[in-house]
There are 2 protein chains.
Amino acid sequence: MDALTVHEAAQTTGWSARMLRYIERAGLVVPQRSPAGYRLYSPGELQRLRTLRELLDAHQVALSELGFASRMRTDDDLRGAVQAWFDTQPARPTEVPASDWLRWEQEKHQRLIAATRTPIPQLTEIA
Amino acid sequence: MDALTVHEAAQTTGWSARMLRYIERAGLVVPQRSPAGYRLYSPGELQRLRTLRELLDAHQVALSELGFASRMRTDDDLRGAVQAWFDTQPARPTEVPASDWLRWEQEKHQRLIAATRTPIPQLTEIA
DNA sequence: GATACATTACCACGACCGTGTCAAGGTTAG
DNA sequence: CTAACCTTGACACGGTCGTGGTAATGTATC
């Protein structure tokens with residue numbers, strides 16, 4: 001009984017069923033299937049889905065980026081190539097690159113939440 | 001004299017000056033600056049720029065994805081969080097997730113090159 | 001001091017991302 | 001056998017990515 005269908009999983013994790021399928025396609029949480037092809041989410045996968053939301057929010061990470069990380073963990077070839085690239089000639093001490101683009105990233109995210117999110121979701125108590 | 005300006009670097013690497021600035025913003029190749037603020041590309045950075053093109057092409061990696069990889073290498077916090085997430089409950093043996101989305105990725109890329117790229121770039125040796 | 005570069009900032013544009021919704025068809029349970 | 005789920009596929013839509021421009025302004029070189 002510890003295997004939920006998409007909509008059940010959606011409700012307990014906060015994602016939409018649509019996004020659960022999308023997340024599956026990105027290779028991040030891939031549930032098993034029933035004989036008929038229904039997605040069956042195990043408790044572990046449900047937990048992963050919940051922490052996924054936190055991970056993305058906490059570090060301004062995009063789903064596609066995490067998908068890439070997933071790819072690197074499973075594709076040895078890719079991981080090697082990326083590592084090799086980064087390890088060639090850092091040349092100079094790389095001084096201070098981060099601060100500027102970091103502000104950029106943050107602004108990007110603020111624009112996103114400002115646009116996507118339904119504005120003022122909790123004004124439930126109006127005296 | 002081994003430090004080129006943007007346009008010089010652009011010519012020897014095959015990127016456009018515009019893209020060199022973009023790549024810098026993504027944190028991938030960050031050249032030093034002259035006192036007046038001109039970008040100065042060292043030989044090592046030029047090499048990185050050339051291999052960057054190959055890396056992206058060979059493994060269907062997007063600039064933003066590699067930017068994320070760069071972020072993970074420098075942001076210990078982020079790297080830890082991502083690693084922790086992946087390490088929690090792989091639940092089932094994860095069977096066979098890759099094959100399907102991989103086709104998806106490839107198609108994505110083919111659409112891209114079909115649209116963006118100038119067709120038939122190297123037919124240099126005819127007959 | 002004019003010509004040829006550099007810099008940043010902004011507009012444009014097609015393709016993709018993250019989402020929602022709907023359609024057409026298969027499954028499962030009362 | 002119908003109602004309530006599930007599946008995949010497609011259209012839509014605002015926002016970002018990757019890329020090219022242009023404009024306004026600063027710097028180097030002759």
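Every chain is numbered from 1, with letters handed out A, B, ... down the list of sequences.
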Check the distance between [N]'s [atom2] and [X]'s [atom1] and give it to me in whole angstrom.
| X | N | atom1 | atom2 | value |
| --- | --- | --- | --- | --- |
| Leu40(A) | dT7(D) | CG | C1' | 13 Å |
| His7(B) | dG20(D) | NE2 | P | 11 Å |
| Tyr22(A) | dT21(C) | OH | P | 17 Å |
| Tyr41(B) | dC5(C) | OH | P | 17 Å |
| Glu65(B) | dC16(C) | CD | P | 13 Å |
| Glu24(A) | dG18(C) | CD | P | 15 Å |
| Arg18(B) | dA6(C) | CZ | P | 15 Å |
| Arg25(B) | dT19(D) | CZ | C1' | 12 Å |

Side-chain N or O of Ser16(B) closer than 4.0 Å to phosphate OP1/OP2 of dG20(D):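 Answer is yes, contact under 4.0 Å.
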
Distance below 4.0 Å between Arg39(B) side-chain N/O and dT7(C) OP1 or OP2: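 Affirmative; the distance criterion is met.
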
Closest to side chain of Trp104(A), choosing from dG18(C), dC5(D), dC17(D):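 So the nucleotide nearest the side chain must be dC17(D).
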
Of the listed nucleotides dC17(D), dT8(D), dT19(C), the one nearest the side chain of Trp15(A):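 Minimum distance to the Trp15(A) side chain belongs to dT19(C).
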
Of all pairs that satisfy side chain to side chain donor-acceptor pair (under 3.5 Å), the ones with a partner from residues 3-22 of chain B, not counting sequence neighbours: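 Applying side chain to side chain donor-acceptor pair (under 3.5 Å) to every pair that reaches into residues 3-22 of chain B, excluding sequence neighbours, yields Thr5(B)-Glu8(B).
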
Contacts under 3.5 Å, N or O only, protein and nucleotides 27-30 of chain D:
| unit_1 | atom_1 | unit_2 | atom_2 | d |
| --- | --- | --- | --- | --- |
| dT27(D) | O4' | Tyr38(B) | OH | 3.3 |

Sugar-phosphate only, base, or nothing, as touched by Ala17(B) at under 4.0 Å among non-hydrogen atoms: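 Since no nucleic acid heavy atom lies under 4.0 Å of Ala17(B), the category is nothing.
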
Sugar-phosphate, base or nothing in reach of Arg21(B), heavy atoms under 4.0 Å: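 Contact class for Arg21(B): base.
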
Flag, side chain of Arg48(B) to backbone of Phe86(A), donor-acceptor distance under 3.5 Å: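 Flag set: sc Arg48(B) to bb Phe86(A) pair under 3.5 Å.
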
Any Val6(A) side-chain heavy atom under 4.5 Å of Tyr38(A) side chain: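 Counting from C-beta outward, Val6(A) and Tyr38(A) never come under 4.5 Å.
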
Qualifying residues under side chain to side chain donor-acceptor pair (under 3.5 Å), relative to Ser70(B), sequence neighbours excluded: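 None.
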
Pairwise 5' ranking along DNA chain D for Arg33(A) and Ala26(B), keeping only the more 5' one: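 The residue whose closest nucleotide sits nearer the 5' end is Arg33(A).
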
Salt bridge Arg39(B)-Glu45(B), side-chain N to carboxylate O under 4.0 Å: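 Salt bridge between Arg39(B) and Glu45(B), a charged N being under 4.0 Å from a carboxylate O: no.
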
Same apolar cluster (I L V M F W Y, side chains within < 4.5 Å links), Val29(B)/Leu40(B):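 Not linked; separate clusters.
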
Distance-minimising heavy-atom pair for Leu56(A) and Leu66(A):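 Scanning both residues completely, I find the closest heavy atoms to be CD2-CD2, 4.3 Å.
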
